[in-house]
Amino acid sequence: MSRLRAARKLSLPPTLDPRSVSPVKFGSLAGLPPTLVVTAALDPLADHGRSYVERLRQHGADAHLTCYPRATHTFLSMPGLVPAARPARREIVAFLRGHLHPAP
């Protein structure tokens, strides 16, 4: 947990309440577009992704969750080192293509 606190200190100004920037804590998530949440099984924040998808679905959003086993928090940025990064990137691109440029 100390690593999470250190990461938060680097990510947010000390005067900002971290809950104010977490979509899991937002009052309403209604009206959001289709969402793909990609998590890593070895990420201590993976449960936040699951919670976010659950809340999106509760508010009527079309939300999809994929959790990649044996992947860590930064796996998407390491396609040459983490085998799960390439299929995760392909999934993200396919999702975006399907929603931003749907087939006729």
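Applying the side-chain contact (heavy atoms from CB on, under 4.5 Å) rule to Arg57 yields the partners Val53, Ala63; only residues at least two apart in sequence or on another chain are considered. For Glu91, the side-chain contact (heavy atoms from CB on, under 4.5 Å) criterion is met by Leu36, Val38, Thr66, Tyr68, not counting sequence neighbours. Every residue two or more places apart in sequence or in another chain that forms a ring pair (Phe, Tyr, Trp, His ring centres under 6.0 Å) with His99 is listed here: Phe95. Remark: Asp62 pairs with His64 by the side chain to side chain donor-acceptor pair (under 3.5 Å) rule, at least two apart or across chains. The side chain to side chain donor-acceptor pair (under 3.5 Å) check on His73 picks up Asp43, with sequence neighbours excluded.
One hydrophobic cluster, built from ILVMFWY side chains closer than 4.5 Å, holds both Phe75 and Ile92.
Contact between Pro69 and Ala41 at its shortest, heavy atoms only, is CA-CB, 3.7 Å. The minimum heavy-atom distance linking Leu81 with Pro83 is given by the pair O-CD, 3.6 Å. Of all heavy-atom pairs between Ala46 and Ala40, the closest is CB-O, 3.4 Å. Nearest heavy atom pair, residue Ser51 against residue Val24, reads CB-CG1, 4.2 Å. Contact record, Ala30 with Ser28: N-OG, 3.2 Å, taken as the closest heavy-atom pair.
Side-chain atoms of Arg89 never come within 3.5 Å of backbone atoms of Pro79 as a donor-acceptor pair (strictly under, hydrogens ignored).
The line from CD of Gln58 to CG of Leu29 is 9.0 Å long, rounded to the nearest 0.5 Å. Taking CG from Leu42 and OG1 from Thr72, the interatomic distance works out to 7.0 Å, rounded to the nearest 0.5 Å. Between the NZ atom in Lys25 and the OG atom in Ser20 there is a gap of 11.5 Å [rounded to 0.5 Å]. From Leu32, atom CG reaches atom NE2 of His59 across 9.5 Å, with rounding to the nearest 0.5 Å.
Cluster partners of Leu12 are Leu16, Val21, counting Ile, Leu, Val, Met, Phe, Trp and Tyr whose side-chain heavy atoms approach within less than 4.5 Å, directly or via other members.
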